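Notes follow once the structure below has been shown.
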Amino acid sequence: MTETRSGESPHVEYPPVANGMDYLDSVVDHLSGEPSPRDLKYAVLHLQAAVEVLLKARLRQEHWSLVFRDPGRADLSRFEAGDFESCGTAETITRLRNIIGINLPKGPVDEINQLAKWRNALQHYGLTAPAIAVESRAARILDFLLLFIAEHLLPGLGGEDAMFAGESEFNIRARLTDMRSVITARMDRIRPLLARDAERTVQCPECGQLAVVVASQAPLHCRFCSEVFISAVKFADFYVGVALGKEWEPGFEDQAAWPLRQCPQCGEAAMVLEAETVAAPGTHTPLCFSCGTVMSGD
């Protein structure tokens with residue numbers, strides 16, 4: 001990033017890493033204090049932009065052609081002019097894993113995929129999401145990006161780029177502490193309310209917290225972000241797509257690979273075979289989101 005000297009015409013110059021770090025700084029700015037709807041909007045847009053810029057910056061470190069949508073047709077003059085179509089976020093992640101050998105955990109990748117859906121909603125038809133859900137997901141993605149920068153970007157940088165990225169990473173991490181404190185305090189308040197329903201408490205696809213008690217008499221909602229879900233069946237489908245990261249394909253209803261079934265107890269299509277509950281973290285629990293039936297894993 002360069003500054004304009006006195007008397008010069010203003011111009012914009014943001015190298016990729018500085019550009020990505022500036023987006024992250026903007027995200028933290030917009031989520032500080034009591035964010036307004038406009039703050040949340042730009043937090044989502046700028047966080048998605050930061051993800052794309054910083055992940056692709058690592059591809060550039062490996063070789064500039066890897067950021068082209070079709071590396072086989074990469075052209076250096078077009079790359080230097082910025083006149084080309086780059087790969088999407090999903091393909092960027094695939095190349096980081098398969099070409100460079102960076103092991104990107106499933107959890108953060110699922111978070112990034114949901115962030116992309118939020119961004120697309122904002123761009124095309126609008127987004128409705130609880131403020132605390134945006135803050136919660138943003139905090140986890142920020143954590144992932146800061147770790148990615150420290151482990152995979154900084155070692156390949158030198159000179160001013162390394163100094164700027166290192167200082168920015170430190171400052172953003174310090175400010176992120178306040179966001180985490182708000183999220184932790186909220187979870188601490190509701191944790192005793194969730195304890196008695198631990199066997200039926202699953203992750204909220206909207207905010208990512210383990211705070212939705214299924215098969216409860218109250219309207220189905222998240223105890224953390226207060227998002228209300230229309231029905232157990234729709235929530236089960238939403239959960240499979242977001243929390244489990246499963247993409248629907250025709251014919252899946254006839255395959256064991258699709259983790260959603262009709263419940264043998266209540267008959268609703270709300271039996272999630274791979275639910276993770278507060279009572280059994282890190283394991284797959286076959287749980288009906290409608291009536292609360294737990295099937296044997298045998």
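Keep in mind that what you see is a predicted model, and the values were worked out from it rather than measured.
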### Query
Taking Arg95 for the side chain and Leu59 for the main chain, is one N or O donor matched with an acceptor at less than 3.5 Å?
no
### Task
Could you walk me through whether Glu268 and Cys291 pass side chain to side chain contact (heavy atoms under 4.5 Å, CB included), step by step?
CA-CA 9 Å; Glu268 295 282 3; Cys291 69; over 6 Å; no
#### Entry: pair Pro16-Arg60: side-chain heavy atoms closer than 4.5 Å
yes
### Message
Between Met187 and Ile190, is there a side-chain heavy-atom distance shorter than 4.5 Å?
### Response
yes
### Message
A quick test of your reading: do over 12 heavy atoms of other residues, nucleotides or ligands sit less than 6.0 Å from CZ of Phe229?
### Response
yes
### Summary
Closest non-hydrogen atoms of Glu169 and Ala150, given as atom of the first, atom of the second and distance, are OE2-CB, 4.4 Å
### Query
Does Val212 reach the side chain of Phe289, with side-chain heavy atoms less than 4.5 Å apart?
no
### Task
Ignoring hydrogens and angles, tell me if any N or O in the side chain of Arg200 forms a donor-acceptor pair with the backbone of Val213 under 3.5 Å.
no
#### Entry: Interatomic distance, Ser216 atom OG to His221 atom NE2 [nearest 0.5 angstrom]
7.0 Å
### Message
I need the minimum non-hydrogen distance between Pro286 and Met271, along with the two atoms involved.
### Response
C-SD, 3.7 Å
### Task
Please name the pair of heavy atoms, one in Pro155 and one in Ile149, separated by the smallest distance, quoted to 0.1 Å.
CD-O, 4.3 Å
#### Entry: Minimum side-chain heavy-atom gap Val44-Leu115 below 4.5 Å
yes
### Message
Heavy-atom count check: over 12 atoms from other residues, nucleotides or ligands less than 6.0 Å from Arg69 CZ?
### Response
no
### Query
So how far is it from Asp110 CG to Gln114 CD, rounded to the nearest 0.5 Å?
9.5 Å
### Task
Decide salt bridge (charged side-chain N to carboxylate O under 4.0 Å, His left out) for Asp143 and Arg140; before the verdict, give the C-alpha distance in whole Å, the side-chain angles of both, and the deciding distance to 0.1 Å.
CA-CA 5 Å; Asp143 269 330; Arg140 291 193 298 277; over 6 Å; no
### Query
So, for Gln61 and Leu153, which heavy atoms are closest and what is the spacing to 0.1 Å?
NE2-O, 3.1 Å
### Query
Roughly how far, to the nearest 0.5 Å, is CD of Glu62 from CD1 of Ile99?
8.5 Å
### Query
What are the two closest non-hydrogen atoms of Pro205 and Arg137, and how far apart are they?
O-NH2, 2.6 Å
### Query
Between Ser181 (side chain) and Thr177 (backbone), is there a donor-acceptor pair under 3.5 Å?
yes
### Task
Using modelled atom types only, decide if a donor and an acceptor are shared between the side chain of Arg223 and the backbone of Leu194 within a distance under 3.5 Å.
no
### Query
Going hydrophobic residue to hydrophobic residue with side-chain gaps under 4.5 angstrom, can you get from Leu146 over to Leu157?
yes
### Message
Evaluate Ile183 against Gln209 for side chain to side chain contact (heavy atoms under 4.5 Å, CB included), listing each step before the verdict.
### Response
CA-CA 10 Å; Ile183 294 165; Gln209 298 292 340; 3.7 Å; yes
### Query
In this structure, are over 12 heavy atoms from other groups packed under 6.0 Å from Glu151 atom CD?
yes
## Note on the structure
Minimal heavy-atom distance between Val27 and Ala43, with the atoms involved, is CG2-O, 3.7 Å
### Within-4.5 Å side-chain heavy-atom neighbours: Pro130 and Glu206
yes
### Message
Has Glu276 got a side-chain atom pairing as donor or acceptor with Gly282's backbone, closer than 3.5 angstrom?
### Response
yes
### Path from Trp64 to Ile102 over hydrophobic side-chain contacts below 4.5 Å
yes
### Task
Quick one: pull up CD in Glu274 and OG1 in Thr285 and give me the separation to the nearest 0.5 Å.
11.0 Å
#### Entry: pair Ile112-Leu104: side-chain heavy atoms closer than 4.5 Å
no
### Task
Count the heavy atoms belonging to other residues, nucleotides or ligands that lie under 6.0 Å from CZ of Arg73, then report whether that count exceeds 12.
no
### Query
Does Arg180 use its side chain to pair, donor to acceptor, with the backbone of Ala139 at less than 3.5 Å?
no
#### Entry: Evaluation steps, side chain to side chain contact (heavy atoms under 4.5 Å, CB included), between Ser290 and Cys263
CA-CA 8 Å; Ser290 179; Cys263 175; over 6 Å; no
### Query
Just by modelled atom types, is the Lys117 backbone N or O under 3.5 Å from a matching donor or acceptor in the Asn120 side chain?
no
### Query
Is it the case that one hydrophobic cluster holds both Val240 and Phe238, taking links as side-chain heavy atoms less than 4.5 Å apart, direct or via other members?
yes
### Query
Is there a donor-acceptor pair closer than 3.5 Å between any side-chain N or O of Ser136 and the backbone N or O of Ile132?
no
### Query
Looking at side-chain heavy atoms only, is the closest gap between Val28 and Leu176 below 4.5 Å?
no
### Task
Give a yes or no on whether Leu76 atom CG has more than 12 heavy-atom contacts from other residues, nucleotides or ligands under 6.0 Å away.
yes
### Counterpart residues, ring pair (Phe, Tyr, Trp, His ring centres under 6.0 Å), relative to Phe170 (two or more places apart)
none
### Message
Quick check on the hydrophobic clustering: are Val202 and Trp258 connected, directly or via other members, by side-chain heavy-atom contacts under 4.5 Å?
### Response
yes
### side chain to side chain contact (heavy atoms under 4.5 Å, CB included) between Val294 and Glu199, worked out
CA-CA 9 Å; Val294 177; Glu199 297 84 0; 5.7 Å; no
### Task
Measure the CG-CG distance between Leu31 and Leu40 for me, rounded to the nearest 0.5 Å.
6.5 Å
### Task
Compute whether any side-chain donor of one residue and acceptor of the other, for Ser26 and Asp29, lie under 3.5 angstrom apart.
no
### Task
For residues Val272 and Leu260, determine if any side-chain heavy atom of one lies less than 4.5 Å from a side-chain heavy atom of the other.
yes
### Task
For Lys56 and Gly88, indicate whether the former's side chain and the latter's backbone hold a donor-acceptor pair under 3.5 Å.
no
### Task
Measure up the Phe68 and Phe84 rings against each other and bin them: parallel (under 30°), tilted (30 to 60°), perpendicular (over 60°).
parallel
### Task
Count the heavy atoms belonging to other residues, nucleotides or ligands that lie under 6.0 Å from CD of Glu91, then report whether that count exceeds 12.
yes
### Query
Would you call Arg119-Glu52 a salt bridge at under 4.0 Å N-O?
yes
### Query
Would you say Ile172 and Leu154 are hydrophobically clustered, going by side-chain heavy atoms of ILVMFWY under 4.5 Å?
yes
### Message
Please report the interatomic distance CG(Leu45) to OH(Tyr23), rounded to the nearest 0.5 Å.
### Response
9.5 Å
#### Entry: Aromatic plane relationship, Phe144 with Phe148 - under 30° parallel, 30 to 60° tilted, over 60° perpendicular
tilted
### Message
Whether Asp237 and Lys234 form a salt bridge (side-chain N of Lys/Arg under 4.0 Å from carboxylate O of Asp/Glu) is what I want to check.
### Response
no
